[in-house]
Asker: 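Handing you a structure now.
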Number of protein chains: 2
Amino acid sequence: MTDTPRPADQGDALDQFLCFSVYAAGLAFNRVYKPLLDRFGITYPQYLALVALRDSNGRTVSELGGKLHLESNTLTPLIKRLEAGGLVTRNRDKQDERVVRVALTDAGRTVVDEALGCVPAAILEATGMQPQDLKALNVSLASLGSALRNGAAASDADGR
Amino acid sequence: MTDTPRPADQGDALDQFLCFSVYAAGLAFNRVYKPLLDRFGITYPQYLALVALRDSNGRTVSELGGKLHLESNTLTPLIKRLEAGGLVTRNRDKQDERVVRVALTDAGRTVVDEALGCVPAAILEATGMQPQDLKALNVSLASLGSALRNGAAASDADGR
DNA sequence: CTTGTTAAAATCGTGCACGATTCAATCGTG
DNA sequence: CACGATTGAATCGTGCACGATTTTAACAAG
């Protein structure tokens with residue numbers, strides 16, 4: 001533990017790629033979250049969806065997708081699994097039968113609240129970083145993400 | 001286009017989560033990479049694997065996994081797809097028949113070199129950020145990633 | 001009312017990521 | 001040499017992410 005005798009992950013071309021750091025950090029987050037969320041019987045994307053629903057319950061699949069940056073082809077099965085677990089309900093909107101509104105059940109709200117009560121603190125500790133550093137990193141990454149999303153649209157509108 | 005008239009992705013709890021910024025940035029990177037890599041017939045993880053191989057050809061599956069932070073259950077099928085595409089070869093080591101050595105073919109090397117010739121520049125442009133800012137972000141993220149990986153190991157050795 | 005169009009969600013096929021397990025080769029010790 | 005333990009890779013089942021397509025509902029002329 002005092003030394004990591006694996007000199008293999010330094011100095012390679014991959015380490016110069018920001019995209020790889022993002023990719024690897026995503027994998028690492030997933031692995032830290034997994035044992036924490038297993039106790040609630042949910043996965044990491046499901047956790048994100050539940051947190052999004054907590055903020056604005058009864059949103060449509062599209063609206064949820066807008067927050068999570070996912071389409072219905074990914075969200076529909078995920079939400080159905082949450083429904084099968086009794087954490088959310090899915091109901092067609094009476095005014096517009098095309099849209100499906102997703103809402104937390106009482107059990108679902110309990111799970112999110114309990115998870116939010118302990119998971120973020122555990123994650124914070126796992127990062128070993130100061131809250132203000134994490135916040136700064138969060139701001140940079142959020143702006144990177146929206147640049148990548150808008151940039152793709154811009155090059156479409158641009159000239160191709 | 002000058003403005004993004006969707007007020008839906010600001011101010012939510014998710015936006016306060018660093019893990020979500022990492023997750024969303026990863027999705028966004030994937031979407032920018034996809035059309036760029038489609039022309040070479042490879043996926044984003046396959047691209048990362050080829051770049052890793054370019055640095056140290058003939059590495060074992062485990063060594064490659066050490067660089068990419070992946071296990072054989074993920075790498076084996078990925079490498080077999082690269083082999084099916086004629087980009088790498090897989091050979092059992094003569095000294096130790098347990099290990100499989102993966103090497104770029106000439107076609108594979110050509111693909112990586114051509115991809116590296118144009119893709120990184122396109123990605124840089126898509127981020128719309130200055131190289132030094134990206135570099136700083138890369139350093140922060142790399143340290144976050146290794147903290148998350150070591151933190152898990154530390155809590156293993158720590159009190160359990 | 002009918003027909004063409006748009007919009008939201010769902011469905012399908014492929015590839016990734018991972019926990020758990022299996023299989024074969026190597027090694028360690030007797 | 002033998003045999004239990006370890007190691008490296010592969011296999012299997014589940015869930016995610018995505019492109020492409022389909023289905024159903026709403027809407028807009030005519």
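Order of the sequence lines sets the chain letters (A, B, ...), proteins ahead of strands, with each chain counted from 1.
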Asker: May I ask whether Val99(A) and Leu78(A) are part of the same hydrophobic cluster, defined by side-chain heavy atoms of I, L, V, M, F, W, Y residues being less than 4.5 angstrom apart, directly or through others?
Answerer: no
Asker: Measure NZ/Lys34(A) against C1'/dG19(C) and give the value in whole Å, please.
Answerer: 8 Å
Asker: Taking the minimum atom-to-atom distance to the side chain of Arg31(B), which one of dC18(D), dA9(C), dA10(D) wins?
Answerer: dC18(D)
Asker: For Ile79(A) and for Tyr23(A), locate the closest nucleotide of DNA chain C by heavy-atom distance; then report the residue assigned to the nucleotide nearer the 5' terminus.
Answerer: Ile79(A)
Asker: Counting the atoms with a prime plus P, OP1 and OP2 as sugar-phosphate, which does Leu70(B) contact under 4.0 Å by heavy atoms, base, sugar-phosphate, or nothing?
Answerer: sugar-phosphate
Asker: Closest approach to the side chain of Glu97(A), judged atom by atom: which nucleotide of dA10(D), dA17(D), dA26(D) is it?
Answerer: dA26(D)
Asker: How is Leu27(B) classified with respect to the nucleic acid when contacts are heavy atoms under 4.0 Å: base, sugar-phosphate, or nothing?
Answerer: sugar-phosphate
Asker: Counting side-chain heavy atoms from CB outward, which of dA9(C), dA9(D), dG15(C) is closest to Arg81(B)?
Answerer: dG15(C)
Asker: Quick one: on DNA chain D, does Leu78(A) or Thr76(B) contact a more 5' nucleotide (nearest heavy atom)?
Answerer: Thr76(B)
Asker: Rounded to whole Å, please give me the gap between CG in Leu75(B) and C1' in dT11(D).
Answerer: 15 Å
Asker: Take the protein atom CZ of Arg92(A) and the nucleotide atom P of dA26(D), then report the distance between them rounded to whole Å.
Answerer: 10 Å
Asker: Let's see if you can work this out: which of dC16(C), dA10(D), dA26(D) has an atom nearest to the side-chain heavy atoms of Thr74(B)?
Answerer: dC16(C)
Asker: Is there a side-chain contact between Tyr47(A) and Phe40(A) in this structure, where contact means two heavy atoms from C-beta onward sitting under 4.5 Å apart?
Answerer: no
Asker: Rounded to whole angstroms, how far apart are CD on Glu71(A) and P on dA7(C)?
Answerer: 14 Å
Asker: Under 4.0 Å between a side-chain N/O of Lys80(B) and OP1 or OP2 of dT11(D), yes or no?
Answerer: yes
Asker: Of all the nucleotides listed (dA9(D), dA9(C), dA17(D)), which has the minimum atom distance to the side chain of Ser62(B)?
Answerer: dA9(D)
Asker: Would you say that Ile123(A) contacts Phe17(B) through its side chain, given a criterion of any heavy-atom pair below 4.5 Å between the two side chains?
Answerer: no
Asker: Do Arg98(A) side-chain and dT24(D) base share a donor-acceptor contact under 3.5 Å?
Answerer: no
Asker: Which part of the nucleic acid, if any, lies within reach of Gln46(B) when heavy atoms closer than 4.0 Å are counted: base, sugar-phosphate only, or nothing?
Answerer: sugar-phosphate
Asker: Tell me: CG of Asp96(B) to P of dT7(D), nearest whole Å?
Answerer: 12 Å
Asker: With sugar-phosphate meaning primed atoms plus P, OP1 and OP2, does Asn73(A) contact a base, only sugar-phosphate, or nothing at under 4.0 Å between heavy atoms?
Answerer: base
Asker: In whole angstrom, what separates Tyr33(A)'s OH from dG15(D)'s C1'?
Answerer: 18 Å
Asker: Give the rounded distance in Å between these two atoms: CD of Glu63(B) and C1' of dA9(D).
Answerer: 13 Å
Asker: So which nucleotide does dG30(C) pair with, by the Watson-Crick or G-U wobble rule with both distances under 3.5 Å?
Answerer: dC1(D)
Asker: Let me see the working for Leu137(B) and Leu137(A) under side-chain contact (heavy atoms from CB on, under 4.5 Å), right down to the final yes or no.
Answerer: CA-CA 8 Å; Leu137(B) 195 50; Leu137(A) 196 49; 3.5 Å; yes
Asker: Would you tell me if any nitrogen or oxygen in the side chain of Tyr44(B) comes within less than 4.0 Å of OP1 or OP2 on dA17(D)?
Answerer: no
Asker: Which whole-number value in Å describes the distance from Leu87(B) CG to dG15(C) P?
Answerer: 14 Å
Asker: Are Leu68(A) and Leu14(B) packed together at the side-chain level, in the sense that at least one heavy-atom pair is separated by less than 4.5 angstrom?
Answerer: yes
Asker: Of all the choices, dA10(D), dG15(C), dA8(C), which nucleotide is nearest to the side chain of Thr43(B) once you look at every atom?
Answerer: dG15(C)
Asker: Check each of Lys94(A), Arg98(A), Arg92(A) against Asp96(A) using the salt bridge (charged side-chain N to carboxylate O under 4.0 Å, His left out) test, and report the only one that passes.
Answerer: Arg98(A)
